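Worksheet: one structure, shown below.
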Amino acid sequence: MECAGKGSGTRCLGPARKRCGRCGAVSYCSASHQISHWKVHREECERLEQQMKNLDLLNDFPFTFSQESTVQISEKQESRCSFLRKRGIHQVGLWVCECRCGASVTSFGNSRLESDTWNLSNILCPCRGPSSPIAKALCSWKDYYEWRCIPLQSPVSLLLHWPLTVYHSIQLAGLGSLASEISKLCIHYLGPEKELLQLAVFGELRALFPGVFVQIDLIGPAVPHHRDGDKIDLHSYAHCIEQDCDCRYKNENTSCSIGHTSSAVTLQLHRGYYHDRFLDISKDSHPHLVIAPNAGIAAYASWLPTIELIKEINVPAVFSDYCEEACNLAACCINAVTNQPPRLPIQLNPFRQPMVVEDSPLHLPCYSNCFLFAM
């Protein structure tokens, strides 16, 4: 935890152990830094106080491991590494970047997806198609696990928050009924980072949108130069660890590949900023939806021309971030550019990743894809 007054003029005097007595969300190294920072903090203190009252709601998940992945990691009784290690998925398969010692996007390989395996038994992962169609819109992790017949001890939600957040964003944008009526759904996905090492999980969109060709263009500066323009077709689901499971036979001749066009989900990678690449990309793929997971809009000035572009093209755009405060700051930035409030107000994402971010700069629990709003 960093001192909230760091960089305010004088050096920090030690660890940030003095918490704000009102909101409890920020800490300081000393009383002098707390006093000097008040002119900044007073604008957010009441808001953070209200957010701190929602701790139990943020930590509320239906899984058998929920206490371990939320409170215990926050209190440093557990870590992401220890959680994954206990389940035999530390530093393997799709899980390689889910802890501090894992791979980075710079290790994104030259010719194929880094992995398309869950490293879990077929009982614990969705390695095959669903046994039945979705009867009604999925609204929670419990709904999804019941539909896919996955037991609540399975950790797959730690990765499936990417495609499920896409699914939920489509519902929020009012495109759920459209997706059942069209043959092709085009999504522009902004700022991918960790997802670039977990692309196989987007194959789950085949189950979520049966009979629909889903085209996702992933655009961002984290896409490596040598992968710019790559097209990746997901012909099937990420497979389990069982050698005799039929998912392996189905995948044998239909694994992830570059340039094939017959799959239900196609991903295409584009290096650069959206406002620089849009005209080129939209020639072949004008979007039904723009989505920006964990956007960090208030932290990067490069978002401003992108927001102006999204306003101009008049396409629904859904943004997520790690905590409610980040979304508040982002909404203020968007309002300053567009002179309009969010089209959809800030709300908790039911498909947020159910593992808390380690060493958050606030005492607020932060989760990947935690809150959503739309313009």
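Keep in mind the model is a prediction, meaning the values are calculated, not measured. Side chains included, hydrogens not; waters and symmetry mates left out as well; all remaining heavy atoms used.
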Report yes or no: do Tyr300 and Tyr189 belong to one cluster of Ile/Leu/Val/Met/Phe/Trp/Tyr joined by side chain heavy-atom distances under 4.5 Å? yes
Is there side-chain contact between Leu158 and Pro354, with at least one heavy-atom pair below 4.5 Å? yes
Are more than 12 heavy atoms, taken from residues, nucleotides or ligands other than Gln77, located less than 6.0 Å from that residue's CD atom? yes
Hydrophobic cluster identity match, Leu348 and Tyr367, side-chain contacts under 4.5 Å: yes
Are Asp228 and Arg277 within salt-bridge range, i.e. N to O under 4.0 Å? yes
Parallel, tilted or perpendicular: rings of Trp141 and Tyr145 (30°, 60°): perpendicular
Centroid-centroid distance, Phe319 to Phe371, less than 6.0 Å: no
If you measure from the Lys or Arg side-chain nitrogens to the Asp or Glu carboxylate oxygens, is any gap between Arg47 and Glu324 under 4.0 Å? no
Would you say the side-chain atoms of Ser320 pair up with the backbone N or O of Asn294, donor to acceptor, closer than 3.5 Å? yes
I'd like to know if Glu358 and Lys76 make a salt bridge, using a cut-off of under 4.0 Å between side-chain N and carboxylate O. no
If the threshold is 4.0 Å, N to carboxylate O, is there a salt bridge linking Glu68 and Arg87? yes
Examine Val290 and Leu175 and state if one hydrophobic cluster contains both, with Ile, Leu, Val, Met, Phe, Trp and Tyr joined whenever side-chain heavy atoms are less than 4.5 Å apart. yes
Any donor-acceptor pair under 3.5 Å linking the side chain of Asp116 with the backbone of Ala238? no
Between Trp162 and the options Gln198, Gln353, Glu204, the side chain to side chain donor-acceptor pair (under 3.5 Å) test singles out Gln198
Could you see if Leu159 belongs to whatever hydrophobic cluster contains Phe63? Use Ile, Leu, Val, Met, Phe, Trp, Tyr and a side-chain cutoff under 4.5 Å. yes
Anything under 30° is parallel, anything over 60° is perpendicular, the rest tilted; go ahead and classify Phe209 against Tyr167. tilted
